[in-house]
Amino acid sequence: MSDAVQTQSNPNAAFKPRVFSGIQPSGGLTLGNYLGAIRRFVEMQESGIETLYCMVDLHAITVWQDPEKLRHNTRELAAGFMAAGLDPKKSILFNQSQVPEHAQLGWVFNCVARMGWMGRMTQWKDKAGKNAEQASLGLFAYPSLMAADILIYHATHVPVGEDQKQHLELTRDIATKFNHDYGVDFFPITEPVIEGAATRVMSLRDGSKKMSKSDPSDMSRINMTDGAEDIAKKIRKAKTDPEALPSDAKGLEGRPEARNLVNIYAALSNQSVEKVLADVGGKQFSEFKPMLIDLAVSELAPISTEMSRLMNDPAEIDRMLGLGAQNARAIAAPILEKTYEIVGMIRS
Ligand code: TYM
């Protein structure tokens, strides 16, 4: 991972490498969040680059959240981060609303980004659907706040799953337009880091749909709070096709459910899809699923146990988030000040 950061052509030579990413506390964590994002977060933390990871509670309220559930989900997300290996001594872990500079820079970016850009975002179209008139203004401006999350730290790299790619392109557009409009080289052009076998984990019930915390069917996803029995049940019932597994990746074409389970296996076992298929090619799902269950349970059940242990002490989680926010503000505040100066605000 550090190679990805260090060797690609670098439009941000003037900026210190810094990693930022965020997850919404709008429901429980899924296997998709874990494989597409959190595992990458941990790898980047271990590579020695400065890393900041945020629970984006301001983004969560772009659709209504029950206040008590939001507080609970934010703590649970923090517990999930730590249980999966993020260490508050190595990474800055915090919730977005405790660092007001995000919203402040978000406003500036609302004045830089164009309505047309926002209207083209596929997540806006999916979430607002035909009912755009009734969607919140915050949901429309969501990607502009996301750009602020990243750029308030001059972050150069952002690990995410595939579904965030378009938002990250927009972040680059906002940085470019700001730099151009004010004749500066102030914001970096952030690189998305979308890597690994599981950048898009699909629903266990329908291989054409993304695994999502908002899917009405709990059987469609593995939650990071699921214990061994639930994990086993969901994999056992996962949709498949009647064919045996192929021995190379080409054989997965047109078989979205088979592809998904193989990708999950590859990601969980840190192997390439090719290597997995070389081993399991020719097996029936009745043989492959128990292998996947063993692997998933051994990897995920300890995380779920650790999450519930951490959730027994919510005050400790809140204390950790408060300290994280202080450290985040120490980076964000001078960048916001400089931004205000660039755009012509009096600072007295
Ligand atoms: P969110 O909360 O929907 O998801 C958090 C992270 O998990 C990834 N992810 C997946 N990866 C693979 N397969 C899946 N099925 C899957 N589902 C989710 C997402 O790609 C993401 O990386 N807008 C962001 C939150 C955000 C953010 C940011 C991210 C706000 N500000 C700044 C990066 C930088 C979101 O809604 O993620």
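Order of listing sets the numbers, starting from 1, for every ligand and every atom in it.
- With Leu35, Val158, Leu29 as candidates, the residue nearest to atom 34 (C) of ligand 1 on a non-hydrogen basis is Val158.
- Protein heavy atom at the shortest distance from atom 11 (N) of ligand 1 is Gly32 O, 3.2 Å.
- Distance from atom 22 (O) of ligand 1 to its nearest protein heavy atom, with residue and atom name: Gly161 N, 3.1 Å.
- When heavy-atom distances to ligand 1 are checked against a 4.0 Å cut-off, Arg40 has no atom that comes that close, whether in backbone or side chain.
- In terms of protein heavy-atom proximity, atom 28 (C) of ligand 1 is nearest to Met146 CG, 3.4 Å.
- A salt bridge does not link Asp163 to Arg200: none of the charged nitrogens lies less than 4.0 Å from a carboxylate oxygen.
- Numbered from 1 in the order shown, with element, the atoms of ligand 1 that lie under 4.0 Å from a heavy atom of Thr199 read 11 (N), 12 (C), 13 (N).
- Under a 4.0 Å criterion applied to the non-hydrogen atoms of Arg200, ligand 1 contributes the atoms 12 (C), 13 (N).
- Polar contact check, Tyr142 against ligand 1: a nitrogen or oxygen pair lies under 3.5 Å apart.
- For the residue pair Asp87 / Gln45, no side-chain donor-acceptor distance below 3.5 Å is found, with atom types taken as modelled.
- Here's the thing with Leu168: none of its N/O atoms is less than 3.5 angstrom from an N/O atom of ligand 1.
- For the residue pair Glu299 and Tyr34, a side-chain donor N or O sits within less than 3.5 Å of a side-chain acceptor on the partner.
- Shown in contact with Ala37 at under 4.0 Å from a heavy atom are these atoms of ligand 1, numbered in order with element: 6 (C), 7 (O), 22 (O).
- On a distance-only criterion, Val56 and ligand 1 share no N/O pair closer than 3.5 Å.
- Close approach to Lys210 involves these atoms of ligand 1, each under 4.0 Å from a residue heavy atom: 15 (N).
- Aromatic ring pairs are classed by plane angle as parallel below 30°, tilted from 30° to 60° and perpendicular above 60°; the pair Phe186 and His154 is perpendicular.
- Between Tyr182 and Phe178, the ring planes are tilted. Angles from 30° to 60° get that label.
- Looking only at heavy atoms of the protein, atom 13 (N) of ligand 1 is closest to Val201 N, 2.8 Å.
- Of the listed residues (Val19, Val160, Ile23, Asp163), the one carrying the non-hydrogen atom nearest atom 19 (C) of ligand 1 is Asp163.
- Using 4.0 Å as the threshold, Lys213 has a heavy atom nearer than that to some atom of ligand 1.
- Of all atoms in ligand 1, listed by their number and element, those nearer than 4.0 Å to a heavy atom of His59 are 30 (C), 31 (N).
- A distance-only check finds a donor-acceptor pair linking the side chain of Asn260 to the backbone of Met202 [under 3.5 Å].
- Ligand 1 has no N or O atom lying under 3.5 Å from any N or O atom of Glu162, backbone or side chain.
- Ion pairing between a basic and an acidic side chain is recognised when a charged N comes within 4.0 Å of a carboxylate O; Glu43 and Arg40 show such pairing.
- Although no hydrogens or angles enter the test, the distance criterion places no donor-acceptor pair under 3.5 Å between the side chain of Thr199 and the main chain of Glu195.
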Please walk me through it: do Thr225 and Ser308 pass side-chain contact (heavy atoms from CB on, under 4.5 Å)? CA-CA 8 Å; Thr225 47; Ser308 44; over 6 Å; no

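- Close approach of ligand 1 to Ile150 (heavy-atom distance below 4.0 Å) involves ligand atoms 32 (C), 34 (C).
- Interface atoms of ligand 1 facing Ala198, defined by a heavy-atom separation under 4.0 Å, are 12 (C).
- Between His102 and Tyr153, the gap from one ring centroid to the other is short of 6.0 Å.
- Counting only N and O atoms by type, the side chains of Ser217 and Asp215 include no donor and acceptor under 3.5 Å apart.
- Looking only at heavy atoms of the protein, atom 32 (C) of ligand 1 is closest to Phe20 CE2, 3.5 Å.
- In summary, Arg255 and Glu243 do not engage in a salt bridge, as defined by a charged side-chain N under 4.0 Å from a carboxylate O.
- Counting the atoms of ligand 1 from 1 in the order shown, those under 4.0 Å from a heavy atom of Gly36 are 11 (N), 12 (C).
- For ligand 1, one of its N or O atoms has an N or O atom of Gln164 under 3.5 Å away.
- If you check which protein heavy atom lies closest to atom 31 (N) of ligand 1, you get Asp149 OD2, 2.6 Å.
- For atom 18 (C) of ligand 1, the nearest non-hydrogen atom of the protein is Asn33 ND2, 3.2 Å.
- Nearest protein heavy-atom contact of atom 2 (O) of ligand 1 is Gln24 N, 2.9 Å.
- Between Asp57 and Arg71 there is no salt bridge, since no side-chain N of the basic residue sits under 4.0 Å from a carboxylate O of the acidic one.
- Using a 4.0 Å cut-off between charged side-chain N and carboxylate O, Lys275 and Asp279 make a salt bridge.
- Ring-plane geometry between Phe288 and Tyr265 is classed as tilted, the angle between the planes lying from 30 to 60 degrees on a 0 to 90 degree scale.
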